[in-house]
Amino acid sequence: MRKEVFMAGTGGQGVLLIGQLLTEAASQDGLEVSYFPIYSAEVRGGSTTCTVVISDDAVGSPISGRPATMLLMDQISVDAHLCRLKDGGLAVVNSSLVHTVDRKDIEVISIDAMEKAIEIGSERIGNMVMLGAYVQAAEAVSLGALEKALKIVLPERHHKLLPMNMTALEAGAELARQARG
Amino acid sequence: MRKEVFMAGTGGQGVLLIGQLLTEAASQDGLEVSYFPIYSAEVRGGSTTCTVVISDDAVGSPISGRPATMLLMDQISVDAHLCRLKDGGLAVVNSSLVHTVDRKDIEVISIDAMEKAIEIGSERIGNMVMLGAYVQAAEAVSLGALEKALKIVLPERHHKLLPMNMTALEAGAELARQARG
Amino acid sequence: MIRLTVREDRCKACGLCIGHCPKKNLRPSAAMNEAGYHPVEQVDPKECTGCGICAVMCPDVCFTIEKVTLVGERKEVKQ
Amino acid sequence: MIRLTVREDRCKACGLCIGHCPKKNLRPSAAMNEAGYHPVEQVDPKECTGCGICAVMCPDVCFTIEKVTLVGERKEVKQ
Amino acid sequence: MSERTLIKGNEAAAWGAIAGGCRQFFGYPITPQNQIPEFMAEHLIEVGGTYLQAESELAAINMVYGAAATGARVMTSSSGPGISLMQEGLSYMVGARLPCVIINIQRGGPGLGNIGPSQADYFMATRGAGHGDGSGLTFAPYSVQELHDWTMKAFEIAERYRTPVTILGDGILGQMQEPCRLAPWDKSPTPLGEPTKRFDWAVGGSRKGRERRIINSLHINLDALEENNHILFDAYAEAARNEVVWDEYGHEEPDLLLCAYGICARVCETVTEWAAESGLKLRLLRPVSLYPFPTAPLQEWASRVKRIVTVELSMGQLVQDVRLAVEGRCPVDLVSRTGGCFLTPEEVLEKVKELSQ
Amino acid sequence: MSERTLIKGNEAAAWGAIAGGCRQFFGYPITPQNQIPEFMAEHLIEVGGTYLQAESELAAINMVYGAAATGARVMTSSSGPGISLMQEGLSYMVGARLPCVIINIQRGGPGLGNIGPSQADYFMATRGAGHGDGSGLTFAPYSVQELHDWTMKAFEIAERYRTPVTILGDGILGQMQEPCRLAPWDKSPTPLGEPTKRFDWAVGGSRKGRERRIINSLHINLDALEENNHILFDAYAEAARNEVVWDEYGHEEPDLLLCAYGICARVCETVTEWAAESGLKLRLLRPVSLYPFPTAPLQEWASRVKRIVTVELSMGQLVQDVRLAVEGRCPVDLVSRTGGCFLTPEEVLEKVKELSQ
Amino acid sequence: MSTTCDPEVKVIYREPETLSGTSMRYCPGCTHGIAHRLVAEAVEELGLGDRTIALASVGCSVFAYEYFGLDSIQVSHGRAPAVATGVKRTRPENIVFSYQGDGDLASIGMSEVIHAAGRAENITVVFINNGVFGMTQGQMAPTTLLGMKTTTTPRGRDAEANGLPMQICELLATLPGVAYLARETMISPRHVRAAKKSIKKAFEAQVACAGFSLVELVSTCPTWWGKSPMEAAEWLEQEMLPQYPLGVFKDWTEGQK
Amino acid sequence: MSTTCDPEVKVIYREPETLSGTSMRYCPGCTHGIAHRLVAEAVEELGLGDRTIALASVGCSVFAYEYFGLDSIQVSHGRAPAVATGVKRTRPENIVFSYQGDGDLASIGMSEVIHAAGRAENITVVFINNGVFGMTQGQMAPTTLLGMKTTTTPRGRDAEANGLPMQICELLATLPGVAYLARETMISPRHVRAAKKSIKKAFEAQVACAGFSLVELVSTCPTWWGKSPMEAAEWLEQEMLPQYPLGVFKDWTEGQK
Ligand SMILES: Cc1ncc(C[n+]2csc(CCOP(=O)(O)OP(=O)(O)O)c2C)c(N)n1
Ligand SMILES: Cc1ncc(C[n+]2csc(CCOP(=O)(O)OP(=O)(O)O)c2C)c(N)n1
Ligand code: SF4
Ligand code: SF4
Ligand code: SF4
Ligand code: SF4
Ligand code: SF4
Ligand code: SF4
Ligand SMILES: [Mg+2]
Ligand SMILES: [Mg+2]
């Protein structure tokens, strides 16, 4: 089993954080996993992306030319990267910031992450909603592992936010379930 | 035809000068020639040596492990280098400073260069006496070529010394002729 | 009249011009440029004295400032 | 009595000790050492004051200088 | 099975260094390896060690030289341009037979290039250490865990052979995160004891009761330098007997052998699996020690496969060692990218398929 | 036939440089090549050029970079340790595609080593230019005349391929004297005319009427750097078509082929002759261009001889290129010394005789 | 008498032509941008645009070759003064300046700048002192203040462990080869104007072949200082300027007057 | 009362045990030898012989590791202060000094010495300024006087072509990390004694962990100056000292008194 996900967004949308969460969760699930961020020469701005590869065996390539799944936070990311999604792959997109998805040969799950995030209590946890939706749709890791991962990845002083983050993850998962029908 | 000569002495005895003279003379004779000085790490003192290889063809190796001929200015040089003289080779030694020559399988021509030099007018042209003897014994280059070479190698301001140097060269050649009998 | 233009594509909303404008006449606009910043705009163009301080402080060379005089008017004034 | 020894193997006949000896009591000897130099010698050992200047100036640490007193003599003097 | 920690390759390397007894670090920042000095700045102090940001890589390698002369476990890390600047210093370390560890997290070159991953410092790492004969030993991890493990181990190897040891990584390995079993740290500033007692060549401490010692690479006597160089190469020969490490992965009866190290070996593992799905029998031979190089296993495979494909991020450097090992026994091809560009498994598989036809 | 002048190798090289249009020299003294900067200090001023003693080799190569950026014919010279210090700068020159000439009069290494002759910077000269892909071109003269001629010619080649060109000599070649036909000097400070007109990339002069120009090795876009590297290697490939130079000497139907460059090739010529006297049929193949390397003729001979013996002053560097060319077609041996020691014809002959049995 | 309203337009400020017009990649409010503009203005106002060569060093300003509308050379880390020497000695008719950060000039490039100054090399250096290695993510620079936290001084710079702040102008002022030397900053319009005056004087020194000239600009790095641009300016004034006092350290024209 | 004549021997001068006893390869009259002796005497008199490490740089004094009877390290050209830093930071209980020529320290090694001083590195540098690269056969050094002929300034050093003489003490004096800094010479017994005093003070600074210490010794190179040792001393006094005035530039104990 080799699961690849490519995540992309713009600086500040928290793509690297959910990438790391997913990675840590996979590790907590006893799986092998690698996380590879694309770092940019510029200090600020531009797109942030990361690739997470999960496997029950040694990971092999932490890079993927045509990943099987993608999590895309905005239109720029969709425009830049969706073409590389594997034929028949899965794209979980943030419909709050994505309006057009041009490929027909793939499964697209649109999540209005921002709306849900605001509903839960903070615009800033849109990334968590997206991650919840993604792990549900891709059957990547368990929610339990994500909860453990949250405790490890989030700095101690933010642990009071754990419940809200869990709510967002669960809400995202629920949205994904609904989207698939 | 490949003629090798290895010259050695102590700093100040003018070995490098006569090496260069021989080289220039060979060049003047239209021959191919190379001159290779051993330079020392220390600024001062120690032995000075050079190897001159003359050939009517391309010179090939400017280095020789066991040169066919040697010109040795003092006992230290004899002790250090004579063992490397080719079997049956020719050694022209400065008998003013060399008292023992231990090899029997070679031709040794002993020249009392200092005595002759003082006789001609200056202790400092002992090297010229030796060179004259050497070219005579080894049939290396013509005296005419050496004269031309002297004019080129000696700085202009020393040209007034040319006659004395020529005298020394000729005297050396004569001594070599006599030594061979 | 002072004609002040801001190259909105370049503005990074650093606030240096805003902070130094003696007339407090600059502010972030509601618009967002390609880089994701709210570029600066004038509060009231007529208030601008053309002192040039905003241009002096702007690290991104966003400002062009010109003094525009209607020639006819001036001539009348002179006479 | 001053006992001054020159390590002849080390001396390079640079002349610095000779030039600085206040008693002008040093000179090149006739001998030649391995390195080909005429090592320094004292002109008259009795003239040496043991001032140590030669040792101070020698770049090759050639000098050992000692003041030798016959103990017995000294005691007699003291009494 | 100890716990796993998700950690960046660079940090894992730094962690491994401290676990391996490294107590002195001198370095100068350069992307993409900055987490190494930053980690050292944060943590060396906790184990009584020294972190010092040198004014340049030139100074850094010479500080390393000084610390190594005292027998300390010392390290520096950098990337291509910085390693270039260390070439003279490395040559001195080789000549003076001083152990130390150098991490090179390769980036795109030549010149300022870019900060993409690269394997184009292979020549410098395996034939380098500047002028003159002799280089250090070089090892190439291919995962965060291995970066940690090999950096830890490198100190011991460096001391065993009295030579610099290079850990050769790349921008991806340095920046990626994987779960890693981290070794514990000894909190002592000299976990291995008094260096001048451990080594009969180390300077420092009190000289009472022992002869003075000299660290030196100058041998004005030509024969003495030749002898010194033979000692160096005897050590390399010894390392070639004991320290050759490689790994194999894939089909037992392959049509083609892939040869790749570091990040490219990771890619090739996946390629090997994917190829099997389409009926192409591949095997990966992954050199872990680059110098000494696993010549023997390559030679063996060369007689058994139709072709060897070297996969690397350079215009062709590893491939030279492969060709030197193979000596014409079978064709050796190169699949590569350069300039900070990386290879994806898809790209490699496609090219390998082409070559297999 | 013009007149011959007895001259030192180093001086002949410097002379040749000026004859080749070199008008800028930046260098830092190091034995055994000091006669090059000293000659330049004396004579460049006579042709309106600039001699500047840099504060270090690092500064020197960067001064060369600056002068080269203006399209000037510029040179530096050094020996092993100094060339090591130039590796980063050379990598920048390669990356920015700047022509220049570097003379390396090799001495014994590693480290401070000694000032005996050596050929142990071969790797650095042929695989070097520091980090990243790409190196310059390298030529190895073997006589005073050739030192003069190749240094002169190097400037043109450097410009043709927009790359640094290394002239690789050694302590013997640099210090020995031979009669040499010296080329005349043009007295103009810019014998070839305005550089910004000659080259569409050179900066400087007046920018009126032309676009601004940029000299650069930074390509933050990974693909752009890859493209740049392909341009470099296209140039090397072009050079491999046009600039491969080698020489052969000796028996037409040899039993053994000797391969040697520089001073060792001189020794081998004599060995070849002496061997003939004792009935041993030798032929010498002498690479003059080391990069590009004369692969084809070596391959051809490899199929025709029993064995190839590489003769060099290193622990085995040239021999790698020979083996890469030969690809197992015949055994390749190494006769060598290291650490500033040199080989005499007697020694080589003896070892070759042993190998031929 | 005309009554048409042809507008007469007087430019109060426009981008100098010596800038390329490309937008700059600096972080918001980073004073690198102001410094670029000042250099460009100085070169333009002195009429040197056609013959000035810019040297971009390695640091956040590495892309300066894109920003200046001049012949440009990107050079290796710290060696700009050596490269400038190579250029100037070959092309003395050109005006050559290097633009260098404090990591570039005061750390790795110390030797090159001192020797260029010592040789009275006719070049101009614009030196950006922001107390930190910006480009590589905020490590300590030789100019980092004591107590200041950076990614390689996580507990704050400590004199014993990390050494003392390096004052470049004070150091260079001892060299007779220096014709013009000043330290300026850009935290207010007044300071910006003073900085520009110094930059102009530095270029004038080069035009007059008076020797080496350098202007240090005490600058902000809002990103690694963790401050807004306005806060950064304030912090600079309060913390940086006491360690790096402003002023003209050397002016070759003073002797002439 | 005894009448035996047991001689009582008081040593006025003997070779210090901190020298190895090997004879030195310097040219006749070269003051490198005096400098070695003074350093050895200072180390011995301060009782530091058992814990002092000598760093031999590249220059005529490259063999210093043979001459000092101490643990020694031969280091690369110009980088001795960096090596010393590495040693001292690892072994703070040891006393570390480097012995460097003016080519080594003032040319190629400029950056390392300034940064070591800037860091207040607890090391001692003995700096031999003889105005020339001795070992490589008499090329120009940064300290070569204007007008002085060397093998790379065959027409005499020219300010414009070759730059200006570099005054190291004046430069380093600006750095707060420097505890002791002096320029001495060895051309007379009086000067030699003063030099030794300074060298001792420099080591004392290190013992007290007061920071960086350096003693510059204006030295002769009879060989490349083309003078006898006595002439060289005279020329030094007349020509070198005006450019390199003697004196104590910094003394950390002054503040204490
Ligand atoms: C030889 C070398 N070493 C290190 C680096 C990495 N590096 C790039 S920029 C930089 C420091 C930049 O700091 P500074 O000069 O202060 O410029 P700033 O970014 O602060 O403007 C470093 C260390 C490099 N590119 N080359
Ligand atoms: C990297 C490097 N560059 C150059 C040299 C050659 N070199 C040896 S000593 C020396 C200069 C020595 O001069 P100085 O330091 O003044 O010492 P002195 O001989 O005058 O005492 C040089 C340039 C070298 N060994 N290494
Ligand atoms: S020109 Fe002056 S008044 Fe007008 S906006 Fe700019 S700063 Fe304000
Ligand atoms: S100073 Fe410039 S970049 Fe900053 S907010 Fe004002 S216009 Fe925008
Ligand atoms: S000790 Fe004094 S008096 Fe005696 S020889 Fe030496 S310098 Fe002269
Ligand atoms: S000073 Fe020393 S070396 Fe010189 S002459 Fe006197 S004893 Fe000899
Ligand atoms: S990191 Fe600092 S110096 Fe670099 S652009 Fe950003 S604010 Fe400016
Ligand atoms: S060359 Fe000069 S510095 Fe070197 S040993 Fe001789 S006199 Fe002394
Ligand atoms: Mg900075
Ligand atoms: Mg000197």
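These numbers were taken from a predicted model, which means no experiment stands behind them. Proteins come first, then strands; the chains are lettered A, B, ... in the order of their sequence lines, and each starts at number 1.
F/R307 CZ: more than 12 foreign heavy atoms inside a 6.0 Å radius. Heavy-atom neighbours of F/E354 CD from other residues, nucleotides or ligands within 6.0 Å: above the threshold of 12. Within a 6.0 Å radius of CD in F/E253, other residues, nucleotides and ligands contribute 12 heavy atoms or fewer. Within a 6.0 Å sphere centred on CD of B/E174, heavy atoms belonging to other residues, nucleotides or ligands number more than 12. Atom CD1 of F/I45 sits in a sparse spot, with 12 or fewer heavy atoms from other residues, nucleotides or ligands closer than 6.0 Å. The environment of CD in B/E123 is sparse: at most 12 heavy-atom neighbours from other residues, nucleotides or ligands sit within 6.0 Å.
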>> Run the side-chain contact (heavy atoms from CB on, under 4.5 Å) test on B/I152 and F/L6 for me, step by step, so that the C-alpha distance in whole Å, both residues' side-chain angles and the decisive distance to 0.1 Å come before the verdict.
In response: CA-CA 9 Å; B/I152 295 168; F/L6 189 62; over 6 Å; no

>> Determine whether B/Y35 and F/K8 satisfy the following criterion, side-chain contact (heavy atoms from CB on, under 4.5 Å), listing intermediate values before the conclusion.
In response: CA-CA 9 Å; B/Y35 162 86; F/K8 250 192 191 187; over 6 Å; no

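For chain B, the nearby part of F/F342 is the side chain; its heavy atoms alone come within less than 4.5 Å. Both the backbone and the side chain of B/V59 come within contact range of chain F, judged by heavy atoms closer than 4.5 Å.
Shown here for B/E4 and F/W274, the closest heavy-atom pair between the two residues is OE2-CZ2, 3.7 Å. Scanning all heavy atoms of the two residues, the minimum distance from B/I63 to F/L343 falls at CD1-O, 3.9 Å.
A donor-acceptor pair is defined here as one N or O able to donate and one able to accept, closer than 3.5 Å; such a pair exists between the side chain of F/T270 and the backbone of B/S61.
Side-chain contact check for B/S34 versus F/R266: some heavy-atom pair is nearer than 4.5 Å. Counting heavy atoms from C-beta on, the side chains of B/S64 and F/E346 come closer than 4.5 Å.
Under 4.0 Å is where a charged nitrogen must lie from a carboxylate oxygen, and between F/R4 and B/E32 at least one such pair does.
Annotation: the span from B/C50 atom SG to F/Q177 atom CD amounts to 9.5 Å, rounded to 0.5 Å.
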